[in-house]
Q: 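Here it is: the structure, laid out below.
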Amino acid sequence: MYIDTHLHLCNRWCDDIRRPKAISDIAKNKIITWAQSWDIPSYMDALEYSKESEYIFPAFGVLPWEAYDYKDRFDEIAKLCEETLMLGEIGWDEKNAQDKRSIPYQISMLEVFLEAAEKHNLIMNLHFRGGLEKKGFELLKSYNAKKAIIHSYSGPSALIKEINDQGFYISYGSSRFDPSKTPQQDYYKKRISEVHEDLLILEIDVLERDKKFRPPSEVFPRIIQSIADIRNTTPEEIEAMNQRNVLRLIGDDPKLDDMRKLLS
Ligand SMILES: [Zn+2]
């Protein structure tokens with residue numbers, strides 16, 4: 001079974017023409033999809049998309065780049081964390097912030113999410129980038145929040161073992177395997193082969209927005225094949241590994257009963 005642990009269906013990354021195609025493809029091909037949000041309105045949208053298919057599960061998050069706009073709304077964030085199934089996408093990333101005013105507020109906003117994750121044992125899809133991977137990991141470890149996914153981990157390869165030793169997952173996928181982007185591909189290849197097999201999970205993240213658009217049912221097998229090639233195994237084994245690891249991650253969380261039923 002295909003399980004995509006990180007996909008953006010909201011306007012910023014998927015327009016009104018492609019989204020219905022993606023959603024009907026997800027439903028038709030029974031691809032369990034964790035729809036990520038990047039702010040409150042996109043979370044509200046993700047809640048709507050989840051009504052269109054039982055395979056879509058919304059996650060609530062506000063990306064660090066939006067922290068300035070939310071600096072006076074942490075209470076509102078905390079309230080939504082009380083009802084969400086999962087958290088995502090959240091994180092810490094100063095380098096890629098278009099709105100540099102977000103920088104002083106990124107950590108305090110992330111801490112609102114980490115407190116909620118600790119309190120409710122929520123799954124988190126975390127974005128640590130631009131040299132903050134280690135500091136982000138250290139901050140995460142200071143909380144008693146266990147169900148962390150470091151999404152598309154981009155830090156030093158030496159830290160992978162430490163992340164895995166902590167029981168944290170790492171997800172890979174996306175268009176990063178495009179052979180035309182060789183240096184980037186080598187970078188990810190190395191990291192993908194180093195993640196512990198019990199802690200590697202798969203994601204699409206963003207569907208191509210231009211003419212290259214392909215629905216999830218076409219993108220996902222390509223990701224599985226790339227990862228199987230990199231790890232010297234079969235696509236069947238990678239698909240099974242992903243399913244096994246996701247099942248372990250969701251554990252006995254009663255909020256995720258519906259997902260567990262679809263998976264077993
Ligand atoms: Zn993302």
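Numbering of ligands and ligand atoms starts at 1, following listing order. Here the structure is a predicted model, which is why all the values come from computation and not from measurement. The analysis underlying the following values was restricted to heavy atoms, covering all of them including side chains, and did not include hydrogens, waters or symmetry mates.
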Q: Can you give me every donor-acceptor pair (side chain of residues 102-114, partner residue at least two apart or in another chain, under 3.5 Å) with its distance?
A:
residue, atom, partner, partner atom, Å
Ser102, OG, Asp99, O, 2.8
Ser102, OG, Gln106, NE2, 3.2
Gln106, OE1, Asp93, N, 2.9
Gln106, NE2, Asp93, O, 3.1
Ser108, OG, Tyr105, O, 3.2
Glu111, OE2, Tyr143, OH, 3.1

Q: If you look only at pairs with a residue in residues 206-257, which of them pass as a ring-ring contact (aromatic ring centres under 6.0 Å, His included), with sequence neighbours excluded?
A: Tyr2-Phe220
Q: Tell me, yes or no, whether the heavy-atom count around Asp165 atom CG, taken from other residues, nucleotides or ligands under 6.0 Å, exceeds 12.
A: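 Enclosed: over 12 neighbouring heavy atoms sit under 6.0 Å from CG of Asp165.
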Q: What is the total of protein N/O/S atoms that are closer to the Zn ion (ligand 1) than 2.8 Å?
A: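 Count of protein N, O, S atoms less than 2.8 Å from the Zn ion (ligand 1): 4.
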Q: Can you confirm whether the side chains of Glu94 and Trp92 place a donor and an acceptor under 3.5 Å from each other?
A: yes
Q: Would you say Ser226 and Asp229 are linked by a side-chain donor-acceptor pair, where the criterion is simply a distance under 3.5 Å?
A: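 Checked: Asp229/Ser226 side chains show no N/O donor-acceptor pair below 3.5 Å.
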Q: Please name all residues satisfying ring pair (Phe, Tyr, Trp, His ring centres under 6.0 Å) with His127, sequence neighbours left out, ordered by chain then number.
A: Trp65
